[in-house]
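Okay, so here's the structure we're looking at.
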Amino acid sequence: MPPTSRPLRKLGFLTIGLFDEADPRRGHESTLSIIELGERLGFDSAWVRHRHLQYGISSPLVLLAAASQRTSRIQLGTAVIPLGWENPLRLAEDLATLDLLSGGRLNPGVSVGPPMHYDRVREALYPGTADAEDFSYERVRRLMGFVRGERATDFSGTEGFEAFSDRVQPHAAGLADRMWYGGASLRSARWAGEQGMNLLTSSVVKAEESEDFAEIQLSHIRAFRERHPDGERARVSHGLVVIPTDSATPGQRAKYEEYARTRMPRTASPQGPARMMFAPDLVGSSAEIAERLSAHVAFREVDEVAFALPFSFDHEDYVQILTDIATLLGPALGRPSAA
């Protein structure tokens, strides 16, 4: 296998955390146990998705607060929190609180834009102000300012028996350096670099300058680093869906291959008005997946990953996949196994 340009340094995974409406606790407990397993297997980070009005994690910071008390080392991230659903000042308070509870392990990933199906939720989410809400990059700038300790009000001091701060409290030192932006466009990549944030890439990009997924993603990574104060040292995490089958049962292999097959048509050409391009899911032995990744021009530019777990598999499937990633795929990509 040809070596990647950057041997893998940090190994992470991403889960959506699905649950059954009739028994939501079971699904949340499964996600927590998967994060605990990730720490035991030596993963550097565990990331959770954010889903509203769906059967996935709607409150990732609450779940990660629980995970922070069940783990001691693994970094905990969100990929991503859609800021259209959030008040930046309140979110900054929650992020800082969780970062302190976790001992400085939080890696918040965020994105902007109107909430999904905004026309159907606008009155429930922003009654009376739906047309005035700003879903631009400015929402991220506000959040970053509060996280960095910029003033939120012109008042501080004592009023009666209560002390007030003009900045978000608590303040979590170092958290701003662990803020990530999830971008799928060249514009977003450049903007994230200019803000000094870290960049989360995934299995989705906008087909703007090409219809070759890897080439598009490569252009985003390079544009991000060109604009970032840290240049080539700026952090980028890669998030393709990988499904190693080394220790899978025949039944699991068949399920994984069918999953990837049904999703393959969407990778053939840009989808929808936004021209979104999707990367194929990578299914096979760890050696086969490592060889395919080594040929992926964008993957060769990164040394951090948060491999995405498939949406709808069973708990035991995730255990098998994570175990193979940690013990076989990671080492094949240059990161020694810690399990």
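Look at Arg141 and Glu138 and you find a salt bridge, because one of the NZ, NE, NH1 or NH2 atoms lies within 4.0 Å of a carboxylate O, short of that distance. Salt bridge status for Asp99 with Arg105: absent, with no side-chain N to carboxylate O gap under 4.0 Å. Contact check on Arg335 versus Asp44 returns a salt bridge, with a Lys/Arg side-chain nitrogen under 4.0 Å from an Asp/Glu carboxylate oxygen. In this structure, Glu258 pairs ionically with Arg261, as a charged nitrogen and a carboxylate oxygen lie closer than 4.0 Å. Ion pairing between a basic and an acidic side chain is recognised when a charged N comes within 4.0 Å of a carboxylate O; Glu208 and Arg275 show no such pairing.
With ring centers used as reference points, His220 lies 6.0 Å or more from Phe224. Less than 6.0 angstrom separates the ring centroid of Phe313 from the ring centroid of Tyr259.
Tyr137 contributes no side-chain N or O that, together with a main-chain N or O of Trp191, makes up a donor-acceptor pair within less than 3.5 Å. For Arg73 (side chain) and Arg40 (main-chain N/O), no donor-acceptor pair under 3.5 Å exists by modelled atom type. Although no hydrogens or angles enter the test, the distance criterion places no donor-acceptor pair under 3.5 Å between the side chain of Thr267 and the main chain of Arg263. With Thr71 contributing its side chain and Ile74 its backbone, the two residues share no donor-acceptor pair below 3.5 Å.
Contact of the Pro88 side chain with the Leu91 side chain is not registered, since no non-hydrogen atoms from C-beta on lie closer than 4.5 Å.
Ring-plane geometry between Phe299 and His296 is classed as perpendicular, the angle between the planes exceeding 60 degrees on a 0 to 90 degree scale with a lower cut at 30.
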(request) Could you please spell out the steps behind the ring-ring contact (aromatic ring centres under 6.0 Å, His included) verdict for Tyr118 and Phe135? (result) CA-CA 11 Å; Tyr118 190 49; Phe135 299 125; 5.1 Å; yes
(request) Decide yes or no on salt bridge (charged side-chain N to carboxylate O under 4.0 Å, His left out) for Glu93 and Arg90, but give the supporting numbers first. (result) CA-CA 5 Å; Glu93 293 176 328; Arg90 275 291 300 117; 2.8 Å; yes
